[in-house]
Amino acid sequence: MITTVKGMRDLLPPETRVWNRLEETAREVFALYGFDEIRTPVLESTELFVRSVGESSDIVNKEMFSFEDRGGRRLTLRPENTAGVVRAYVEHSLAQEGLVQKLYYLGPQFRAERPQKGRFREFRQIGAEVLGAADAATDAEILILLFDLFSRLGFTGLRVSLNSVGTDECRPAYVDALRAFLAPLAESMGEDDRRRLEQNPLRVLDTKDPALAERLAEAPQMLAFLDAESLAHHETLLAQLDEAAIPYTIDPRLVRGLDYYTRTVFEVTAPNLGAQNALLGGGRYDRLVADLGGPKTPGIGFAIGEDRLVSALPEAYRLDALLRKGTVALVALGEDDRADALALARTLRAAGIAVDFDPRGRGPGDGLKAAGKKGHALAVLVGSREREQGIALVKNLALRTQDIVPRAELVTFLKGKISS
RNA sequence: GCGAGAGUAGCUCAGUCGGUAGAGCGCCGGAUUGUGGUUCCGGAUGUCGCGGGUUCAAGCCCCGUCUCUCGCCCCA
């Protein structure tokens with residue numbers, strides 16, 4: 001048997017209904033906030049990710065699906081989508097339009113990690129990027145959008161963690177101070193934390209060693225090292241979030257794994273997701289466009305892990321998405337009634353009613369059984385007697401009741417049932 | 001990349017001391033030639049992940065390998 005490749009999975013019905021509903025909701029929200037969709041290739045030059053995500057990051061270091069094509073070009077399946085969006089922004093000179101570009105995307109991403117709960121080698125992200133606006137109000141609107149989206153999905157009590165990682169101008173001073181603070185502790189650190197101290201001291205703040213975490217309470221904080229502009233940006237953002245009644249938690253230890261972030265960074269985690277509990281992450285990246293050869297352009301974005309979001313969805317939203325409210329099952333009562341049923345199906349569909357016709361002609365018992373199993377609420381039954389009398393039988397599969405409806409009134413009758 | 005656990009029917013799993021494979025659910029057929037979910041009767045479930053080894057004999061023991069699961073690193 002040929003099976004899926006390690007870390008990849010099939011999404012099967014009826015579960016795909018949940019994914020579709022979720023994506024519809026996301027598209028609605030993006031449209032409400034004035035975003036347009038962008039679609040970028042799954043395959044990009046390896047160089048793009050090395051330059052954007054960062055050579056020191058784990059993603060570039062050990063998690064990319066990279067290969068050479070027949071022309072010797074070094075290619076990579078995208079591990080994230082921000083780089084591709086920014087590449088497209090630069091390649092097509094979108095800055096020339098002089099507008100704030102508000103873009104969203106949906107699609108698969110690839111990282112060659114060891115799979116575990118909530119982590120797959122192919123996973124899907126729903127994300128957005130705003131390019132061309134440095135104002136804190138942009139950050140605020142992004143977080144308001146997220147709050148709105150999660151509210152529509154039925155989440156309550158989710159809280160965004162927020163921090164500022166400053167800019168290239170003020171961060172080095174902080175890193176020096178942090179290093180000085182951590183140096184005496186290196187002796188007592190575990191292997192992981194000592195490695196982080198070498199490579200990226202900010203990451204030590206994320207330690208899972210409780211003893212070390214306790215001593216970090218005394219550590220210098222980035223917020224104290226912010227330059228005047230970054231501090232003003234941060235404080236303006238907080239004021240605007242308060243004004244909008246968006247709940248958040250300042251987390252001075254929040255640092256993120258991609259090298260391109262500046263100033264605002266944020267994250268939302270959810271319980272019951274296991275060890276991989278980050279539902280979304282994002283931040284501002286005021287340097288990235290220039291780094292990729294474009295005009296100096298500020299940007300901010302986020303990415304939601306769609307796979308994780310689906311598994312964290314409130315039950316009510318899931319169940320509602322699984323219902324096939326709009327579809328009626330059509331059952332031909334006899335072997336010879338299928339031509340009539342097909343004609344009726346066409347009439348109903350032309351009127352906008354979704355019809356699931358079982359072509360096997362196995363009779364009412366099996367037809368109704370299948371309809372119930374597929375989750376349909378209504379079944380329309382037609383046979384020779386019904387044809388002669390110009391009627392159809394409409395059965396409510398849950399209540400087991402049956403109405404006799406003249407064919408001429410069938411569309412109106414079904415529409416009334418479906419909408420109620 | 002590192003660590004631990006698991007892999008037997010479509011699904012969830014049992015399988016004793018090594019003796020040639022089972023249950024429940026689901027599926028199919030019948031009781032029921034035009035009315036489903038309940039009930040009753042009957043039926044098929046299979047490369048015991050794959051390869052090798054030990055043995056008279058391996059689902060069971062040993063080695064390798066693949067996949068899955070959970071954790072680490074890291075991230076969505």
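Just so we're on the same page: letters track the sequence lines, and every chain starts at 1.
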> Which residues satisfy the salt bridge (Lys or Arg N to Asp or Glu O under 4.0 Å) test with A/K373, sequence neighbours excluded?
Replying inline: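 Once residues adjacent in sequence are excluded, A/K373 has no partner under the salt bridge (Lys or Arg N to Asp or Glu O under 4.0 Å) criterion.
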>> Suppose we screen for salt bridge (Lys or Arg N to Asp or Glu O under 4.0 Å). Which residues come up paired with A/R360, at least two apart in sequence or across chains?
In response: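 Expected list: A/D358.
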>> Side chain of A/A278 only, heavy atoms from C-beta on: which candidate in B/G34, B/C73, B/A76 is closest?
In response: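 Within the option list, the nearest is B/A76.
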How is [X] classified with respect to the nucleic acid when contacts are heavy atoms under 4.0 Å: base, sugar-phosphate, or nothing?
X      : answer
A/Q402 : base
A/L280 : sugar-phosphate
A/E122 : nothing
A/E63  : sugar-phosphate
A/L309 : nothing
A/R9   : nothing

>> List the residues meeting side chain to side chain donor-acceptor pair (under 3.5 Å) with A/T412, not counting sequence neighbours, and say none if there are none.
In response: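 Partners of A/T412 under the side chain to side chain donor-acceptor pair (under 3.5 Å) test: none.
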Between the side chains of [X] and [Y], is a donor N or O closer than 3.5 angstrom to an acceptor N or O?
X      : Y      : answer
A/D286 : A/T167 : no
A/R263 : A/S230 : yes
A/T25  : A/Y317 : yes

> Reading nucleotides 65-70 of chain B 5' to 3', which nucleotides get B (base under 4.0 Å from a protein heavy atom), which S (sugar-phosphate only), which -?
Replying inline: --SS-S
Detail all sub-3.5 Å separations between protein N/O atoms and N/O atoms belonging to nucleotides 36-41 of chain B.
unit_1: B/G36; atom_1: O4'; unit_2: A/G365; atom_2: O; d: 3.4
unit_1: B/G36; atom_1: N7; unit_2: A/R400; atom_2: NH2; d: 3.4
unit_1: B/G36; atom_1: O6; unit_2: A/L397; atom_2: O; d: 2.8
unit_1: B/G36; atom_1: N1; unit_2: A/L397; atom_2: O; d: 2.6
unit_1: B/G37; atom_1: N7; unit_2: A/R400; atom_2: NE; d: 2.9
unit_1: B/G37; atom_1: N7; unit_2: A/R400; atom_2: NH1; d: 3.2
unit_1: B/G37; atom_1: N7; unit_2: A/R400; atom_2: NH2; d: 2.2
unit_1: B/G37; atom_1: O6; unit_2: A/L397; atom_2: O; d: 2.6
unit_1: B/G37; atom_1: O6; unit_2: A/R400; atom_2: NE; d: 2.8
unit_1: B/G37; atom_1: N1; unit_2: A/L397; atom_2: O; d: 3.1

>> In whole Å, measure the gap between the C1' atoms of B/U16 and B/C70 for me.
In response: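 Going atom to atom, C1' in each nucleotide, I get 29 Å.
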> Thinking salt bridges, do A/E122 and A/R124 make one under a 4.0 Å N-O criterion?
Replying inline: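 Salt bridge present between A/E122 and A/R124.
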> Under 4.0 Å between a Lys/Arg side-chain N and an Asp/Glu carboxylate O for A/D192 and A/R195?
Replying inline: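 The answer is yes: the pair qualifies as a salt bridge.
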>> Over 60° means perpendicular and under 30° means parallel, so tell me whether A/F30 and A/F302 are parallel, tilted or perpendicular.
In response: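 Rings of A/F30 and A/F302: parallel, under 30°.
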> Once Watson-Crick and G-U wobble pairs under 3.5 Å are found, how is RNA chain B written in dot-bracket notation, 5' to 3', with | for any base paired to another strand?
Replying inline: (((((((..((((.....[..)))).(((((.......))))).....(((((..]....))))))))))))....
